[in-house]
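Notes to accompany the following structure.
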2 protein chains.
Amino acid sequence: MARRDRDPSPVVPKAAAARLSLYLRFLESLREHGVPTTSSQKLAAGVGVTAAQVRKDLGYFGQFGLPGIGYRIDHLVDELRRILGTDRTWNVALVGIGNLGSALAEYRGFERQGFRFVALFDRDPAIVGRAFGSLAVDSIESVEPVVRVRGVELGIIAVPAPAAQEVADLLVAAGIRGIYNFAPAVLQLPPQVAYVSIDLAVELEQLSFSVTQQRPT
Amino acid sequence: MARRDRDPSPVVPKAAAARLSLYLRFLESLREHGVPTTSSQKLAAGVGVTAAQVRKDLGYFGQFGLPGIGYRIDHLVDELRRILGTDRTWNVALVGIGNLGSALAEYRGFERQGFRFVALFDRDPAIVGRAFGSLAVDSIESVEPVVRVRGVELGIIAVPAPAAQEVADLLVAAGIRGIYNFAPAVLQLPPQVAYVSIDLAVELEQLSFSVTQQRPT
DNA sequence: AAGTGTGAAGGCCTTCACAGCA
DNA sequence: TGCTGTGAAGGCCTTCACACTT
């Protein structure tokens with residue numbers, strides 16, 4: 001007996017989605033140089049993949065190219081932004097204003113892509129109240145009301161590993177929709193909350209592994 | 001006609017190597033709690049993969065388990081460190097002492113895994129000379145001699161995107177063996193130089209993509 | 001009885017190759 | 001002619017299943 005609604009939306013390989021951001025970065029830099037169109041070949045060379053892969057990846061989301069011509073950069077940039085969800089502004093909260101958190105709070109790269117910090121939290125009373133630009137650090141106690149009032153949708157966790165799960169639970173309880181975790185810990189989250197995790201030391205270990213194996217990544 | 005030396009060393013899936021670090025983190029935390037042994041099942045639950053995957057991944061590097069018992073944690077930690085190359089200390093140089101670079105210079109997580117900063121560089125005269133712990137920031141001009149004299153093997157790039165390739169070239173010319181890049185740029189490097197790249201904003205875009213698709217990563 | 005190590009099967013992702021369009 | 005879009009083929013990675021070990 002056939003099941004209805006089996007796999008309702010197009011299945012996009014996770015790896016393909018990850019490359020979309022790289023394509024977008026490269027297209028933006030081309031646009032800054034006034035280039036009007038490009039090809040899958042040039043795009044591929046710019047981000048270090050094959051031309052077939054570029055076409056296949058874009059093909060999961062629609063038809064954006066012109067046979068014989070290539071891709072109109074303005075158009076493809078708009079489409080990629082829409083697909084990635086960065087054609088709008090996201091309200092972001094940052095929890096943990098230590099070394100890494102402070103740097104993230106001042107990092108300009110997020111804002112450029114449509115991510116805006118609207119709340120900063122820390123547990124340490126010596127840090128609560130400190131100002132970053134026009135934003136003041138709030139106490140971790142006030143996560144729930146602040147997240148709701150300011151319409152925070154994404155949370156960034158930059159606290160020590162032992163506190164990470166607890167912070168994640170707070171953010172989830174406050175209704176956050178996605179978590180970006182820098183703590184070296186694996187978080188347990190409900191399936192409806194999106195999750196991206198980066199462990200800076202793990203990545204560095206991958207480098208020492210590559211060097212040790214005498215093989216470039 | 002058969003080719004000699006075809007594929008001389010065991011082929012390890014890249015993804016498998018990446019998980020080794022996660023296994024190591026989890027094992028270290030178990031050890032801190034005084035646990036003497038564990039199983040592929042428990043290890044898998046701790047890092048969010050399947051037990052078969054754990055056994056397969058470890059199987060690429062040797063036989064570390066005891067049938068009926070599991071894995072001796074002390075032993076497996078030592079083996080993983082050896083495999084990942086973190087059973088020794090690595091001398092690391094950090095280039096670009098802005099917000100992110102400053103945070104990385106003070107981040108304790110690297111040292112804990114055997115990575116030691118022995119040189120800091122920046123182009124800005126206002127930053128050169130500033131001290132981080134016992135380390136002073138050197139001018140970018142002195143990369144080559146400093147890298148050679150202090151035996152730097154790995155370089156971390158935390159400069160703006162337009163300067164990243166130039167900095168990478170300097171590090172390569174100085175004889176560095178691996179580069180960890182935080183700049184939102186794709187670097188061209190000779191094949192013998194290992195390469196790991198993280199774009200913090202790209203990862204955040206993956207989060208907004210997941211939320212937009214209403215699908216957890 | 002419990003749990004590893006591993007060939008075989010399966011599935012997903014990448015590469016190939018070319019029809020079709022500008 | 002140049003380049004995209006896309007089925008088909010190929011390859012890599014994951015999952016399965018069980019022989020084997022303690």
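So that the names make sense, note that chain A is the first sequence line, chain B the second, and so on, each numbered from 1.
In summary, the side chains of A/Arg55 and A/Ser40 do present a donor paired with an acceptor at a separation below 3.5 Å, with no hydrogens or angles considered. Side-chain contact check for A/Glu205 and B/Ser21: at least one donor-acceptor pair (N or O, by modelled atom type) lies under 3.5 Å.
The six-membered or imidazole ring of A/Tyr107 lies near that of A/Phe110, with a centre-to-centre distance under 6.0 Å.
One can place CZ of B/Arg55 at 12 Å from C1' of C/dA2, the figure rounded to the nearest angstrom. The nearest whole Å value for the distance from the CD atom in B/Glu79 to the C1' atom in C/dT4 is 16 Å. At whole-Å resolution of the value, CG in B/Leu43 and P in C/dG5 are 12 Å apart. Put simply, CD on B/Gln63 is 13 Å from P on C/dT4, counting in whole angstrom units.
At a threshold of 4.0 angstrom between heavy atoms, the contacts of B/Gly68 include nucleobase atoms, whether or not backbone atoms are also involved.
At a threshold of 4.5 Å between non-hydrogen side-chain atoms, the residues A/Leu154 and A/Phe115 count as touching. Side chains of A/Trp90 and A/Arg88 form a contact here, defined as non-hydrogen atoms less than 4.5 Å apart.
Closest approach of A/Gln206 and B/Leu84 over heavy atoms only: NE2-CD2, 4.3 Å.
Look at B/Ser40 and you won't find any side-chain N or O under 4.0 angstrom from OP1 or OP2 of C/dG3.
Residue B/Ser39 is the one, among B/Ser39 and A/Arg19, whose nearest nucleotide of DNA chain C lies closer to the 5' end (criterion: closest heavy atom). Positionally, the nearest nucleotide of DNA chain C for B/Gly70 lies more toward the 5' end than for the other of A/Asp57 and B/Gly70.
Between chain A and DNA chain D, the heavy-atom contact criterion of under 4.0 Å yields a 5' to 3' nucleotide range of D/dG2 to D/dA8.
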